Amino acid sequence: METLKARSAPAVARNENVDLFRAVSLLMIVVYHAWVLTGGQPTGIGVLDQTILYWGEIGVTAFFLLSGYGIFHSLSRRPVNSLADYRDFLLRRFQRIAPQYYLSLAVVLLLSGGAFFSREGMGSILSHLFFVHNFVPAWHGSINGALWTMGVTVQFYLVAPLLYRPVRRAPLCSMAASVAVTVLVKIFLFPLIAASAGPDASATLLFIYGRQLLTALDNFVAGMAVARCVEIRTPHRKGAALCGFAAGIAALWGLCRWASRSGLHAPTRSGYLWHSLVALCLAGTLLAIHAWQGTSRLPALRRGLLELSRREYAIYVWHLLVIRNLADHSTWVQALCSGRLRLVGIVLVAAVSIAFGMAAHPITEKR
């Protein structure tokens with residue numbers, strides 16, 4: 001078996017444009033949840049109203065993509081060649097995500113008034129402890145609705161070293177193969193789910209099982225492929241990077257319009273293909289912005305987004321809990337979001353949830 005050597009490819013310096021991509025993806029998720037949980041009413045801004053329904057889906061796809069991107073670089077620096085290496089790799093990932101994750105679970109359980117301490121509730125607790133809560137609808141999002149993604153991500157960590165080798169050798173072929181696998185699994189699975197579930201439950205179940213590891217595999221592999229391309233490609237010119245970025249944004253706009261006409265979580269062409277196409281568009285966009293060499297004309301905004309990116313994980317873990325509590329229990333939020341200033345209310349709710357996550361970040365971070 002081939003033994004991989006550390007730094008087998010030229011080391012890739014941290015690219016702040018990738019951090020900006022991460023921050024924008026986070027904002028899309030947070031604003032989407034703030035909009036949905038405060039009523040999901042039109043904001044009066046045409047472009048926003050036509051796309052915001054899909055911001056959460058795009059943001060999560062971007063997060064999966066970035067997980068693949070980051071894990072590929074991690075494996076390039078410290079290859080997995082033995083069971084000991086594999087154990088160390090998983091331990092490093094666990095130490096990165098577990099403290100904030102388990103802290104959020106503990107807070108919810110302590111404040112739930114014993115609601116989870118029943119036979120049914122123990123299933124939710126145990127499944128979250130072992131990162132398998134994404135498999136069962138009753139456990140999926142039962143404690144913290146945002147954490148289903150962590151189950152999928154941890155399962156990706158388990159297989160990432162196996163995926164690393166083929167992606168390293170043939171990134172584009174590996175990405176194409178992962179898209180084929182993902183789409184074929186959906187073509188097989190979605191009609192079975194739709195036939196066995198009632199019309200009311202079908203969309204929910206298709207959302208749950210359409211975002212498992214096998215049905216989101218191409219999201220992660222696309223990120224790994226981008227990371228490999230960054231290692232081996234020659235830098236593009238500024239104009240090419242700008243054109244690639246514009247093309248990616250235009251394609252995402254078109255995909256949002258397609259989803260609004262054809263549906264998303266359904267046994268249809270859009271249901272089978274949409275997330276894969278979004279992943280490919282985001283991969284192209286990420287590759288384009290990675291090559292961007294321009295300087296920012298808004299340095300304060302750039303610094304703010306970079307700080308959001310640095311604290312992204314804590315913000316993501318806590319944002320939905322904060323937004324839900326504000327939407328359910330704050331009368332001023334309810335009043336603001338039901339009137340003409342609903343957009344202001346959405347932004348304020350999102351900002352409060354971000355501030356809470358930023359404050360929670362130092363609790364479990366050593367640096």
Side-chain angles (χ1 to χ4, degrees), residues 25-26 28-30 32-33 36 52-69 71 97 101 124 127-128 130-160 163 175 178-194 196-197 201-224 252 255-256 258-259 262-283 313 316-317 319-320:
S25 302
L26 172 68
M28 292 182 75
I29 294 172
V30 172
Y32 165 74
H33 282 142
V36 167
I52 195 171
L53 181 62
Y54 307 104
W55 282 18
E57 301 280 359
I58 294 172
V60 167
T61 301
F63 272 14
F64 287 167
L65 185 91
L66 287 166
S67 292
Y69 175 90
I71 289 300
I97 67 172
Y101 174 88
S124 288
S127 63
H128 278 77
F130 293 101
F131 295 94
V132 294
H133 50 286
N134 55 297
F135 291 139
V136 179
W139 302 338
H140 189 282
S142 58
I143 297 179
N144 179 341
L147 294 186
W148 67 267
T149 59
M150 297 312 302
V152 182
T153 302
V154 167
Q155 291 145 30
F156 163 66
Y157 294 160
L158 296 175
V159 301
L163 296 171
M175 184 166 62
S178 70
V179 170
V181 169
T182 297
V183 172
L184 288 173
V185 170
K186 288 182 180 180
I187 290 173
F188 171 77
L189 188 63
F190 279 17
L192 296 178
I193 294 174
S196 61
S202 178
T204 300
L205 291 177
L206 289 175
F207 166 75
I208 292 173
Y209 292 110
R211 303 299 273 161
Q212 300 291 329
L213 179 60
L214 275 180
T215 48
L217 183 64
D218 52 4
N219 297 187
F220 296 102
V221 174
M224 298 179 82
L252 288 173
L255 287 170
C256 289
W258 184 33
S262 305
L264 195 53
H265 302 294
T268 61
R269 279 187 298 176
S270 57
Y272 301 141
L273 296 172
W274 194 83
H275 288 94
S276 297
L277 294 175
V278 167
L280 295 176
C281 289
L282 290 172
Y313 180 57
Y316 178 78
V317 166
H319 82 278
L320 193 58

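All values below were derived from every heavy atom in this structure, side-chain atoms included, with hydrogens, water molecules and symmetry-related copies excluded. In what follows, residues are counted from 1 in the order of the sequence shown. Not measured: the values here are computed from a predicted model.
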Show me the pairs that pass side-chain hydrogen bond (donor to acceptor under 3.5 Å, both in side chains) and involve residues 207-217, at least two apart or across chains. T61-R211, N134-Q212, R211-N219
Flag the pair I52 / V36 as yes when at least one side-chain heavy-atom distance between them is below 4.5 Å, and no otherwise. no
Side-chain contact, heavy-atom cut-off 4.5 Å: S127 with V136? no
Quick one: are P137 and T204 in side-chain contact, heavy atoms under 4.5 Å? no
For a 4.5 angstrom cut-off between non-hydrogen side-chain atoms, does T153 reach F63? no
Candidate pair Y316 and V30, rule side-chain contact (heavy atoms from CB on, under 4.5 Å), full reasoning: CA-CA 8 Å; Y316 178 78; V30 172; over 6 Å; no
Partners passing side-chain hydrogen bond (donor to acceptor under 3.5 Å, both in side chains) against S276 (at least two apart in sequence or in another chain): D218
In Å, rounded to the nearest 0.5 Å, how long is the span from CE of M150 to NE2 of H133? 8.0 Å
Parallel, tilted or perpendicular for F207 and H265, by the 30°/60° rule? perpendicular
Report the distance from atom NZ of K186 to atom CD1 of I193, rounding to the nearest 0.5 Å. 11.0 Å
When you look at V278 and Y54, which way does the side-chain contact (heavy atoms from CB on, under 4.5 Å) test go after all the steps? CA-CA 11 Å; V278 167; Y54 307 104; over 6 Å; no
Counting C-beta onward and ignoring hydrogens, is there a side-chain heavy-atom pair between I71 and L163 closer than 4.5 Å? no
Decide side chain to side chain donor-acceptor pair (under 3.5 Å) for S270 and S262; before the verdict, give the C-alpha distance in whole Å, the side-chain angles of both, and the deciding distance to 0.1 Å. CA-CA 6 Å; S270 57; S262 305; 4.7 Å; no
V60 vs Y32 side-chain heavy atoms within contact, under 4.5 Å: no
